Protein chains: 10
Amino acid sequence: MSEQRLAVLDSSVASRLPDYSKSLFDAKTSKGLTFAAIADHIGRDEVATAALFYGQAQASAEDVQKLSQLLGVPQEAIAAQMMGFPDRGRAGPMPPVEPLIYRLYEIVQNYGYAYKAVFNEKFGDGIMSAICFSTKVEKEVDPDGSVYAKITLRGKWLPFSRF
Amino acid sequence: MSEQRLAVLDSSVASRLPDYSKSLFDAKTSKGLTFAAIADHIGRDEVATAALFYGQAQASAEDVQKLSQLLGVPQEAIAAQMMGFPDRGRAGPMPPVEPLIYRLYEIVQNYGYAYKAVFNEKFGDGIMSAICFSTKVEKEVDPDGSVYAKITLRGKWLPFSRF
Amino acid sequence: MSEQRLAVLDSSVASRLPDYSKSLFDAKTSKGLTFAAIADHIGRDEVATAALFYGQAQASAEDVQKLSQLLGVPQEAIAAQMMGFPDRGRAGPMPPVEPLIYRLYEIVQNYGYAYKAVFNEKFGDGIMSAICFSTKVEKEVDPDGSVYAKITLRGKWLPFSRF
Amino acid sequence: MSEQRLAVLDSSVASRLPDYSKSLFDAKTSKGLTFAAIADHIGRDEVATAALFYGQAQASAEDVQKLSQLLGVPQEAIAAQMMGFPDRGRAGPMPPVEPLIYRLYEIVQNYGYAYKAVFNEKFGDGIMSAICFSTKVEKEVDPDGSVYAKITLRGKWLPFSRF
Amino acid sequence: MSEQRLAVLDSSVASRLPDYSKSLFDAKTSKGLTFAAIADHIGRDEVATAALFYGQAQASAEDVQKLSQLLGVPQEAIAAQMMGFPDRGRAGPMPPVEPLIYRLYEIVQNYGYAYKAVFNEKFGDGIMSAICFSTKVEKEVDPDGSVYAKITLRGKWLPFSRF
Amino acid sequence: MSEQRLAVLDSSVASRLPDYSKSLFDAKTSKGLTFAAIADHIGRDEVATAALFYGQAQASAEDVQKLSQLLGVPQEAIAAQMMGFPDRGRAGPMPPVEPLIYRLYEIVQNYGYAYKAVFNEKFGDGIMSAICFSTKVEKEVDPDGSVYAKITLRGKWLPFSRF
Amino acid sequence: MSEQRLAVLDSSVASRLPDYSKSLFDAKTSKGLTFAAIADHIGRDEVATAALFYGQAQASAEDVQKLSQLLGVPQEAIAAQMMGFPDRGRAGPMPPVEPLIYRLYEIVQNYGYAYKAVFNEKFGDGIMSAICFSTKVEKEVDPDGSVYAKITLRGKWLPFSRF
Amino acid sequence: MSEQRLAVLDSSVASRLPDYSKSLFDAKTSKGLTFAAIADHIGRDEVATAALFYGQAQASAEDVQKLSQLLGVPQEAIAAQMMGFPDRGRAGPMPPVEPLIYRLYEIVQNYGYAYKAVFNEKFGDGIMSAICFSTKVEKEVDPDGSVYAKITLRGKWLPFSRF
Amino acid sequence: MSEQRLAVLDSSVASRLPDYSKSLFDAKTSKGLTFAAIADHIGRDEVATAALFYGQAQASAEDVQKLSQLLGVPQEAIAAQMMGFPDRGRAGPMPPVEPLIYRLYEIVQNYGYAYKAVFNEKFGDGIMSAICFSTKVEKEVDPDGSVYAKITLRGKWLPFSRF
Amino acid sequence: MSEQRLAVLDSSVASRLPDYSKSLFDAKTSKGLTFAAIADHIGRDEVATAALFYGQAQASAEDVQKLSQLLGVPQEAIAAQMMGFPDRGRAGPMPPVEPLIYRLYEIVQNYGYAYKAVFNEKFGDGIMSAICFSTKVEKEVDPDGSVYAKITLRGKWLPFSRF
């Protein structure tokens, strides 16, 4: 575990995020906690937990209480903002300049119409919801030791209304 | 099958794609084939098959032969271009204006930094490859009948070189 | 009826739309039909009917049949494309340059956060769907003779999933 | 009421808004007031009230007095700016990155020309004013319990002058 | 008259305008008519007349008849489109690259807030309409022979509704 | 006069303007002066006066002296910057998001080529200067009580040099 | 002369230029004429001559006559458009992607404020006109054989009007 | 000299420039020095001197010493940064919004391809360097008293390598 | 050789390139030649040869002759354009959407300032020329069989002139 | 060495970088160290070392220890952030405005498709990785004393997966 590196909040990103992001990341760093550990503690998915830290997801009262307890951040300092309604979508620029995030963007750019065609033929005229939606990240190791990252996106299918 | 609706190529998209896209889509429409049926025939994934039609993936000689046979498009009309090297990424504008594709873009916009944080803590400093990569689309039905779309993205983990 | 002016398809817009748009508009012009009349005939809302003409909505087999009959456009010339899956969102540039459409854009620009705040407090953390959605346009005349346009937007409320 | 969540002002949005926005939101949070409650108190629509808080609408002297009294914010701290002339349109980026606001933008993008065609045929050559304009948000529950959000936009019809 | 130079339609602009623009300009060129002469004939302002040619204004039945007669363009070739509803705002790029048009843009850029402040103090919270609007161009010669161009913009004042 | 509302400087605009803008606006607010009153005092046009406050015009030594005296702002605090050379054009974004300023932009967008055509035929190949230029705002009331805003733009005509 | 290479019109640029550009360039190529030779013949500067070919400058009747004679292009094919009023500024994209043109853009980008400061102190508050303007290109060879290109820009100084 | 106006540093530009820009401009203002005077003192061209102040050029040790002496700014406060390597190109936005700088941009926009054609025919395939480059500003007065500004751009001609 | 795949010209790219690009690529495809083979034949580097085909480099008379002979394209069909002066930089959009080209762009984005710092300390204040420049591509295979691509960029160092 | 100039951190760039960038650059300046010297000390490449300073590369524990020792910056002030995961790609704007960085961008713009064609024919369908990647800068002096800069880019070749 001593080898474990932690995601930190770049000071130049912080200005685009709510104030509590910095408090949470600072506490996470000083406690030496991974998102996996925090997710376990609050009973949410790892990606959702990171999204909470970046101000991209809404916290329940219980989330706030548990985060406050685990991280030693006073509840009243974060409750109103974290339980308010997130102003999503502003963590980084689009197109992304971060190589890791760009690769996801590139997948949408290259396969967007292929997904649309397959979705339409499989489900009809509609969309996969990004709201009634969940996602997770997994690690897979091939027999030859190659490491693969796997992202699952799962959203409710919403057909276009006819009117 | 009479109820089956087919993905078609919008005439206004065609000008951004290689010439064979139109030929393939026209043949697909007149034969009344879904991407699922075509994918079965050529032994590739459904998304990869649609990507071939949109000029976003490279065809093998065997792919060309099987598509030619199934769709009745002369092999020599499509082989050179389809077996050449695709000029990827130009099928649609970014940010996407198509609602279905926009939802995927929105997922990257909202969860980009959360993915990065989780990936980094799980795998280290690197990226999930979008090249050494595969993807698939599945349909899931909940016990209450709700329909869910599931996309899986699976890419090789590439650590940044130290130099 | 001789005073009635009809919406026509600007030749410079046509290149961004599917081929059938031009056929439908031409027939509409030569028959001298309003969208209200066509909507009555096919049993859909006026806005949905116009959206069909602009390639922004999907037609049912019955829609195609009725349009074909009313407008004298051969069914086989339009069925595959109109019953395919529309490539939505490309009719005009954004920000809009057309004054009428710009006013709608301006409403989103000015009142976007106000809508969000009111929606959130009334419904919780989520969005109003633009997919499971309908809209209509009405004309109201005040006692003093002033004419008002009224647009109603009605969408399913979709709460963000917790994960 | 204990379950009621309140819209708060994201610290990263505040820099784009007039200074009084922060004061009003802070007071609203500490008093635990919804926009519905504040709108009742000042006798204005809920959306207009939220727009006032975001610096997108002009306050009357009476509005200022009532807000000051309800929220405990000294009148002289806010009167000059709130009764001045709002610098509208700068609360968020366009295209919107917030999913809720994006859905409204998407409606304009997809149905813009359909609205134009229907408006023109119903009213002639002109626009629906976004100035001589009001709007409201309503909640509707279907017999099966589905919740719908309804936005009404109502603006004066302005015909283009002939000159 | 032999010295008179005429505004012509640049072939590279034509693709952004409705088809009748080219017909009208071609006829204007071959008849050797200025916009001033045409405006006289149809009884409209010179700027409005030029706007008609560029597809930025709507023609009345009488306008079409008079233009047809003066220019020798068959009425049926232009009536439907010219009496339809113009798709305004697409004649040129913004920011303008044409030096003459850029100067007008620059005036808005430099004096925009000054106009707003003066308008607001003179008229209250509202806008000068660009719809219920007319404009004209005049030539003035100073005693020393210097030539000045004068544009007058006159629009209805529209106060923001209170709601 | 007690009803008079004053243009104020939005705190979020101030960061784009020179420091003296804030000082001048603050003094204007506390003295309760309109731009009309200030323009009278310094003997300049109302629009030019507002432009001075927004850092879009250069002040003479006499302007500085009179403003200093009227507003009670020490001359030495503002003289160097106001008599320096303005960095014009940065008060607001383009395209404008403020509805009032957008309407002016829209006029350029819609009538730009019409102005060019009329100017060219009236004056030849050249431009209307935006430098050797003046402008004013007037209020007109129609017999029926309708209020109109009128902007006059007057610039020297500059023919393109032949070389 | 056999070594002389001639500027030609790239087929992909031609679509942004007036039709006569292609005719003139084609004739120039087949006659094997440089711009220097053509400029001599018509008695205009070399840069102005090239600008005529690119549709960026207006031709006099005499220019048209001489070009027609020299290049063997029928006068009536080019006179109306070339003597009309050029739609300037659209030959290439900005920022330029052509390396040679980019270097000029870079000079403006890097030295823009330096020029402004020097101009202002030397001439006062105003601009160097780009309309009442001429320019030329010269070749200079240093004693050591190094070749230098020299561009001279000369424009009338226009002071801002005081109003 | 009492009439002499000095270029000052707009406070809103300062944030885009290195810190020493503000120090140098402040000293220049309080000493009442023009760029011409400073250029004489340090033995560099006026434009280069202004470029130094805007952080667009590199200072030699001697430049720093002389500027320090003339302006009374301590050498150690500016030496490291001014003798470091400038981060050029960020003083203002492109396209420029300042009218004076825009005119230079417009010259590139209008005459860019004409310059390229003339350069290519005169010098071959290459560019005029913007690095191995100098520039100067001069004032010319015509016999009739008209004032002209003249900019000279002189750069080494660099032929494209053949490889 | 039967396994060799050839780079082809995507029909959707062709419209941005000079006409000869299509002729050359078509001939290359029908002759089944790689760029390596063509480069050998004409005695130029492989990258330069491909650049010739994409209209990004200038051909010598000998290049044209050899290409004509090898590919069977008549010399007179390509000589004037290929020996003219290329309009560089327009083959694809920037930022690139093609994954391979994006990776090169990303290297500039991520390491740009690092290159600058290292260059400056090694060479002084200046740039690496992209004109007096050559580049090549090599393939390297590691002992473990991993394949590496190596690009070498070599440009003349150009110091900024002091003036 | 007394002549050695050092790369410094422009104060206007610092706000886009992590806080430790400023600390490291300040220490580097006061110690008078080049990147070459620092690279020697920490045993990494010069470009990688500069990239560390700009927050574009991840530090190992040993890197931090050695930098801390060499530069006299307390380890605890920089360890968490430098060993966290860099938020790459934000050091400067794209397209670059800095001339040195622009030249690299221009190489991608001009030769992008040529590289793609050569890579594809040499390696197949894939990309050169920018992650599993290293780069270096070298100085070469020709026999005639001309100085050349050489950049080597070396990345793993990644073939597109077939699925």
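First the proteins, then the strands, lettered A, B, ... as listed; each starts at 1. Quick caveat, the model's predicted, so the values are computed rather than measured.
Remark: side-chain polar atoms of G/T135 are paired, donor with acceptor, to backbone N or O of G/T152 under 3.5 angstrom. At least one donor-acceptor pair under 3.5 Å links the side chain of G/K28 to the backbone N or O of G/L33. Checked by atom type and distance alone, the side chain of H/S21 never pairs as donor or acceptor with a backbone atom of H/L17 at under 3.5 Å. Distance alone, capped at 3.5 Å, is enough to place a donor-acceptor pair between the G/R16 side chain and the G/A91 backbone. A distance-only check finds a donor-acceptor pair linking the side chain of H/S68 to the backbone of H/V73 [under 3.5 Å].
How far CD of H/E106 is from CG of H/L104: 10.0 Å, rounded to the nearest 0.5 Å.
Contacts between H/D125 and chain G at a heavy-atom distance below 4.5 Å are absent for every atom of the residue. Contacts between H/Y102 and chain G at a heavy-atom distance below 4.5 Å are absent for every atom of the residue. H/F53 does not touch chain G: none of its heavy atoms, backbone or side chain, sits under 4.5 Å away. Neither the backbone nor the side chain of G/L158 comes within less than 4.5 Å of any heavy atom in chain H. When heavy atoms are compared at a cutoff of 4.5 Å, H/E138 approaches chain G solely by way of its backbone atoms N, CA, C and O. Looking at H/N120, the atoms closer than 4.5 Å to chain G (heavy atoms on both sides) all sit in the side chain, from C-beta outward. For a residue to count as touching a neighbouring chain, one of its non-hydrogen atoms must lie under 4.5 Å from one of that chain's; by this rule H/F35 touches chain G with backbone and side chain alike. Residue contact with chain H, scored on non-hydrogen atoms closer than 4.5 Å, involves the backbone and the side chain of G/E121 alike. For H/E46, the parts sitting under 4.5 Å from any heavy atom of chain G are the backbone and the side chain alike.
The candidate from G/R90, G/K156, G/R103, G/E98 with the greatest count of non-hydrogen atom pairs under 4.5 Å with chain H is G/K156. Heavy-atom pairs under 4.5 Å with chain H were tallied for G/K122, G/R88, G/E140; the largest tally goes to G/K122. Here G/Y113 is the residue among G/Y105, G/Y113, G/F119 with the most heavy-atom pairs under 4.5 Å with chain H. Taking chain G as the reference chain and counting heavy-atom pairs below 4.5 Å, the highest number among H/F133, H/Y115, H/W157 is found for H/Y115. Between chain H and the options G/I101, G/V108, G/N110, G/I151, heavy-atom pairs under 4.5 Å are most frequent for G/I151. Of all the listed residues (G/D142, G/I127, G/I131), the one sharing the greatest number of non-hydrogen pairs under 4.5 Å with chain H is G/I127. The candidate from G/A117, G/A48, G/P86, G/S146 with the greatest count of non-hydrogen atom pairs under 4.5 Å with chain H is G/A117.
For the pair H/K139 and G/F123, the cation-pi criterion (under 6.0 Å, within 45° of the ring axis) is fulfilled.
Under the side-chain contact (heavy atoms from CB on, under 4.5 Å) rule, G/M83 has a single partner from G/I78, G/D63, G/V64, which is G/V64.
For an aromatic pair to be called close, the ring centres must be under 6.0 Å apart, and G/F25 with G/Y54 satisfies this.
In summary, H/K22 and H/D10 do not engage in a salt bridge, as defined by a charged side-chain N under 4.0 Å from a carboxylate O.
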